[in-house]
Number of protein chains: 2
Amino acid sequence: MTHTPLTRSEAKDLTRRRLIRAALAILDKEGEAGLTTLKVAKAAGIAQSTFYVHFKDKQDLLRSLGDEGGERLRRSMREVRRQARETHDAERHREAFRIPIEAICRHPELLRILQRARHDPASPLREFAIETAAAYRDHHAADLAALGYTADDERDRRRLEMIAEGVNAATNALALGHLEGRYPDVEEVLDVLVALSNGALRLLRSGA
Amino acid sequence: MTHTPLTRSEAKDLTRRRLIRAALAILDKEGEAGLTTLKVAKAAGIAQSTFYVHFKDKQDLLRSLGDEGGERLRRSMREVRRQARETHDAERHREAFRIPIEAICRHPELLRILQRARHDPASPLREFAIETAAAYRDHHAADLAALGYTADDERDRRRLEMIAEGVNAATNALALGHLEGRYPDVEEVLDVLVALSNGALRLLRSGA
DNA sequence: AATTTCACCGATAGTACTATCGGTGAAATT
DNA sequence: AATTTCACCGATAGTACTATCGGTGAAATT
């Protein structure tokens with residue numbers, strides 16, 4: 001196995017990616033309190049001081065993690081929309097839950113970081129986490145509207161938003177429960193999520 | 001306003017309660033990273049070193065916060081059961097959501113601390129947070145069973161558990177949304193939660 | 001080939017915090 | 001009244017971490 005010699009900027013990029021990867025692993029293993037420049041740098045194979053070649057400071061690293069996470073989330077969301085266009089309505093509703101669950105299972109630490117950041121006033125990721133949650137909620141509400149659950153008045157609009165937020169929270173919780181091994185069968189998780197969603201939507205359908 | 005002179009142990013207890021109160025306020029304002037013995041002691045009006053008269057160390061404080069939280073949660077849960085016995089079935093189901101929402105709104109920082117701790121491997125509250133979540137899930141599942149949704153086989157048992165976990169997550173999320181002012185009317189929140197729950201329970205009722 | 005750039009290094013000053021220690025005076029006990 | 005207890009204090013040693021600085025050698029540029 002011969003290594004193509006890397007250019008200086010390629011090598012730097014690689015180091016940066018190693019730092020981000022190491023930071024995610026440390027956050028997952030030891031939580032935010034365990035995230036020190038020494039540990040991150042060591043895990044990435046560089047000196048502690050070299051950390052500052054790549055990031056202005058620790059907050060800068062956290063902001064970068066947020067951006068990386070945003071990228072992944074946006075990619076997942078695009079995938080949802082793409083797949084939604086290819087399937088029929090009933091199936092579509094079910095599959096719309098599979099995608100975020102798979103995304104969560106691929107990078108659970110990301111959801112955990114965002115959930116933590118959302119309620120941690122000191123976290124530099126806080127605003128980003130709140131925005132992300134709002135984006136997901138709005139995205140979900142828009143999907144429901146596309147399924148025909150249009151909101152004619154303010155109350156229905158709020159209801160649609162609450163349903164989206166509640167079902168999203170349930171999705172996150174069950175995805176983590178699946179990861180923890182409590183709900184081994186994803187199909188069963190999807191059954192429950194579809195039932196939760198459909199049940200709530202009856203509120204709108206009945207035009208109460 | 002005359003002060004009855006306090007005994008030494010009464011005064012100590014008061015200081016301890018002040019420390020715990022201050023710690024909760026700081027956690028809410030600045031997150032776990034902002035919780036230092038100096039800040040807690042200062043906010044409670046004592047010297048930093050006196051912190052150690054009341055707690056072995058910082059982890060001991062966090063464990064105490066968990067216990068206090070557990071007390072409050074258990075009190076709320078008892079209240080749910082008591083109220084449940086006094087009302088009719090349909091009403092009961094609705095009121096069963098009001099109690100946790102009110103508990104969350106009274107002490108939102110407690111839910112946030114537990115949610116944070118649950119996924120923070122370094123938190124001394126982690127195990128407690130996981131146990132609390134499990135207790136709430138099982139409690140909720142038992143309530144549903146009491147409503148007649150008995151689980152005959154393994155699959156139904158898992159479904160009941162998933163519904164309980166999912167609806168609990170939705171309850172937490174909507175309670176925080178209510179607190180943040182996005183859903184000002186609690187009755188509307190209850191409408192949605194009841195609809196979510198009933199919809200999912202159709203899964204079991206239909207005996208699919 | 002000579003010069004410049006820069007990703008990396010080790011050393012270290014500075015900062016923030018934890019936890020201990022000896023001392024004090026008022027409350028509690030004798 | 002004399003003695004003991006103990007909740008509190010200020011001072012401080014120790015620890016862990018952040019961020020800077022000058023130096024180095026290989027890559028990039030001239």
> Given that B/Leu35 and B/Thr7 both sit by DNA chain C, which one's nearest nucleotide is further toward the 5' end?
Replying inline: B/Leu35
> Taking atom types as modelled, is there a side-chain donor on A/His54 or A/Thr15 under 3.5 Å from an acceptor on the other?
Replying inline: no
>> I need the single residue from A/Arg137, A/Arg159, A/Arg158 that forms a salt bridge (charged side-chain N to carboxylate O under 4.0 Å, His left out) with A/Glu165. Which is it?
In response: A/Arg137
>> Could you walk me through whether A/Arg94 and A/Glu187 satisfy the salt bridge (Lys or Arg N to Asp or Glu O under 4.0 Å) test, starting with their C-alpha distance in whole Å, then the side-chain angles of each, then the deciding distance to 0.1 Å, before giving a yes or no?
In response: CA-CA 9 Å; A/Arg94 185 184 178 85; A/Glu187 302 309 318; 2.9 Å; yes
>> Please check this pair: side chain of B/Arg98 against backbone of B/Leu190, looking for a donor-acceptor N/O pair closer than 3.5 Å.
In response: no
> By a strict heavy-atom criterion of less than 4.0 Å, which residues belonging to residues 48-64 of chain B are in contact with DNA chain C?
Replying inline: B/Gln48, B/Ser49, B/Tyr52, B/Asp57, B/Lys58
> Any salt bridge between B/Arg157 and B/Glu154, counting N to O under 4.0 Å?
Replying inline: yes
> For DNA chain C, whose closest nucleotide is more 5', that of B/Arg8 or that of B/Thr36?
Replying inline: B/Thr36
> Hey, where does DNA chain D pair up into stems, meaning at least three consecutive Watson-Crick or G-U pairs with distances under 3.5 Å?
Replying inline: C:1-30 with D:1-30
> So do the side chains of B/Asp67 and B/Glu71 get within less than 4.5 Å of each other, counting heavy atoms only?
Replying inline: no
> Checking B/Thr171 side chain against B/Val167 main chain: does a donor-acceptor pair fall under 3.5 Å?
Replying inline: yes
> Under 6.0 Å from the CZ atom of A/Arg21, do we count more than 12 heavy atoms belonging to anything else shown?
Replying inline: no
>> With a 4.0 Å cut-off on N to O distance, would you call A/Arg17 and A/Asp13 a salt bridge?
In response: yes
> Can you pull the contact range of chain A along DNA chain C, 5' to 3', using atoms under 4.0 angstrom from its heavy atoms?
Replying inline: C/dT5 to C/dA11
> Is the count of non-hydrogen atoms from other residues, nucleotides or ligands lying under 6.0 Å from B/Glu102 atom CD greater than 12?
Replying inline: yes
